[in-house]
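Counting from 1, the numbers follow the sequence of the chain as shown.
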Amino acid sequence: MTATHDVVIIGGGLVGASLAIALEGSGLDVAMVEAAPAAAMPAVFDERNLSFAEATVNALTRLGVMQRLRAPTGAIARIHVSRRGDFGRVLMQAADHGRTAFGQVVVARDFGEALEARLAEVAGLVRHRGTRFTGFAADAGGCRVLELAGAGPSQLRARLVVAADGAASGVRDALGIEASRHDYRQVLLVARLRAARAPDGTAYERLGDDGPTALLPRGDRAWGLVHGVSAEHAPGVQALDDAGFLARVQDAFGWRVGRLLSVGPRSAYPAVAVRAATTTASRAVLVGNAAQSIHPVGAQGFNLGLRDALVLAELLVAAARQGADPGAADLLSAYAGRRREDRVRTLDFSHGLARLSSNPEHGASLLRSAGLVALAALPGLQAGVAGGAMGYRGDVPDACRAGAVR
């Protein structure tokens, strides 16, 4: 007999798992379909360095996830932005905005382990691991019917389907939702790096023609490196030995942290933005990268996706208290409305910054330089940028504000 659930989350990565935790105690019957088997972590939980905005730290603390991190996090007390070849730079201090930190740097693998520890405590959550979504069968009885393959059942019924299955979302495709795609023709190389100067709480973003070179302050006295290269040159850069790679990064970044001493294994990620035309369909909703994936300049991707999950959780919990249908059209309309401003502003900001920052034309250089000078000189303008960097944009979920924790 096909099981019926109130909510079925497709995808057990950063956003899907966070949503499952946020729905704990709601009274909803929740299931999660995860492609990774029980003995493995999803591929997204690798050695990447995640920059959590203050709002994200607040929410994950309230959900009981931050407390389960085993490795120390790195506080971002200041943000330094500059661009090679342009004059002007911006230095934003958290203390100037009444904060000790704008956010925290967390290693993705450690975050994945903390999420897994927290998920294991969520009572009533049904997890179908080693199971893939393959499509929809005909709707039945006010439910979507999901077709599955792998270790779990072959079908599930859901009053609401949540697509949290990444930028190449199979659920989005099966729903017939179109998505635009922009290839920045950049590859981002990610690694752990040591330098003569240990992290002091500064997150550096050095912009360039081929993308950003960022150094993020990890909690283990190393730096988290993100180095953008053109897609054309990426194979050659990836083939460099450690000494050659460090020399390239030193040339791109400069000497703000002294000589770069060593680098760990490198991973490569193409910079591609995907934006779904709509985030809802009949009894279905897209969250996280299934709804939108963005260029990592500004470090807003996961933060934006988590806010998707938290707003959806707020609406579902409120509906459950009233005995309402979790897949009702008015609930999904309310979700889309609440997410619109944050989504549009964050996507446009990220895309505009990525395009402008990598444009080598003289006119773009003058515009960037003027912008950096203005941002450094005008406290009001800087306050708006800082608020966005901390995750306070648009309709902010309640969990993102500091408060009681589990």
Side-chain angles (χ1 to χ4, degrees), residues 11 13-15 43-44 48 50-51 53 81 83-84 86 163-190 205-214 226-235 237-238 252 267-281 285-308 336 339-361 363-365 367-368 371 385 388-389 391 393-394:
L14 290 77
V15 174
V44 69
R48 276 178 289 186
L50 303 175
S51 181
V81 183
R83 190 188 189 277
R84 186 175 184 176
D86 295 353
D165 54 341
S169 172
V171 179
R172 185 184 65 222
D173 291 345
L175 291 168
I177 296 176
E178 295 185 358
S180 61
R181 187 177 186 275
H182 182 85
D183 188 345
Y184 293 96
R185 300 295 298 156
Q186 296 171 3
V187 173
L188 303 169
L189 302 177
V190 177
E205 186 114 43
R206 179 73 166 164
L207 306 173
D209 292 351
D210 294 336
T213 296
V226 180
H227 179 52
V229 302
S230 69
E232 177 185 1
H233 296 138
V237 176
Q238 289 175 264
S267 300
Y269 304 93
V272 178
V274 178
R275 186 186 303 205
T278 182
T279 58
T280 63
V285 60
L286 313 182
V287 297
N289 283 351
Q292 66 276 315
S293 64
I294 63 178
H295 193 288
V297 65
Q300 289 296 306
F302 169 66
N303 297 289
L304 179 64
L306 180 66
R307 296 195 293 272
D308 289 346
R339 295 301 299 137
R340 186 170 294 113
E341 181 183 358
D342 184 15
R343 182 175 189 251
V344 170
R345 287 176 59 190
T346 303
L347 290 175
D348 289 349
F349 173 81
S350 173
H351 181 64
L353 183 59
R355 292 292 299 274
L356 181 64
S357 65
S358 61
N359 188 339
E361 296 297 327
S365 176
L367 181 61
R368 281 191 302 263
V385 174
R393 184 182 284 128

Got a sec, which residues hit side-chain hydrogen bond (donor to acceptor under 3.5 Å, both in side chains) with Asp165, two or more places apart in sequence or on another chain?
Ser169
Could you pull out the closest heavy-atom pair between [X] and [Y], with the gap in Å?
X      : Y      : result
Ala164 : Val287 : CB-CG2, 3.8 Å
Gly288 : Asp308 : N-OD2, 3.0 Å
Ala271 : Leu188 : CB-CD1, 4.3 Å

side-chain contact (heavy atoms from CB on, under 4.5 Å) partners of Ala336, counting only residues at least two apart:
Thr279, Thr280, Arg340
Across all chains, not counting sequence neighbours, the side-chain contact (heavy atoms from CB on, under 4.5 Å) partners of Gln238 are Leu189, Ala234, Ala268
Do [X] and [Y] touch side chain to side chain, with heavy atoms closer than 4.5 Å?
X      : Y      : answer
Asp342 : Arg307 : yes
Tyr269 : Val187 : no
Arg343 : Arg275 : yes
Val272 : His182 : no

For the backbone of Ser51 and the side chain of Asn303, can you confirm whether one donor and one acceptor N or O come within less than 3.5 Å of each other?
yes
Can you tell me how far apart [atom1] ([X]) and [atom2] ([Y]) are? Round to the nearest 0.5 Å.
X      : Y      : atom1 : atom2 : value
Leu14  : Leu50  : CG    : CG    : 6.0 Å
Arg185 : His233 : CZ    : NE2   : 11.0 Å
Tyr184 : Ile294 : OH    : CD1   : 8.5 Å

Applying side-chain hydrogen bond (donor to acceptor under 3.5 Å, both in side chains) between Thr213 and each of Arg206, His227, Glu205, report the one that passes.
His227
Identify, with sequence neighbours excluded, every residue that meets salt bridge (Lys or Arg N to Asp or Glu O under 4.0 Å) alongside Arg48.
Asp46
Set of residues satisfying salt bridge (Lys or Arg N to Asp or Glu O under 4.0 Å) with respect to Glu341, sequence neighbours excluded:
Arg345
What pairs of donor and acceptor atoms, side-chain ones from residues 170-178 against any protein atom, are under 3.5 angstrom apart with sequence neighbours left out?
residue : atom : partner : partner atom : Å
Arg172  : NH1  : Ala167  : O            : 3.0
Arg172  : NH1  : Ala290  : O            : 3.0
Arg172  : NH2  : Ala167  : O            : 2.7

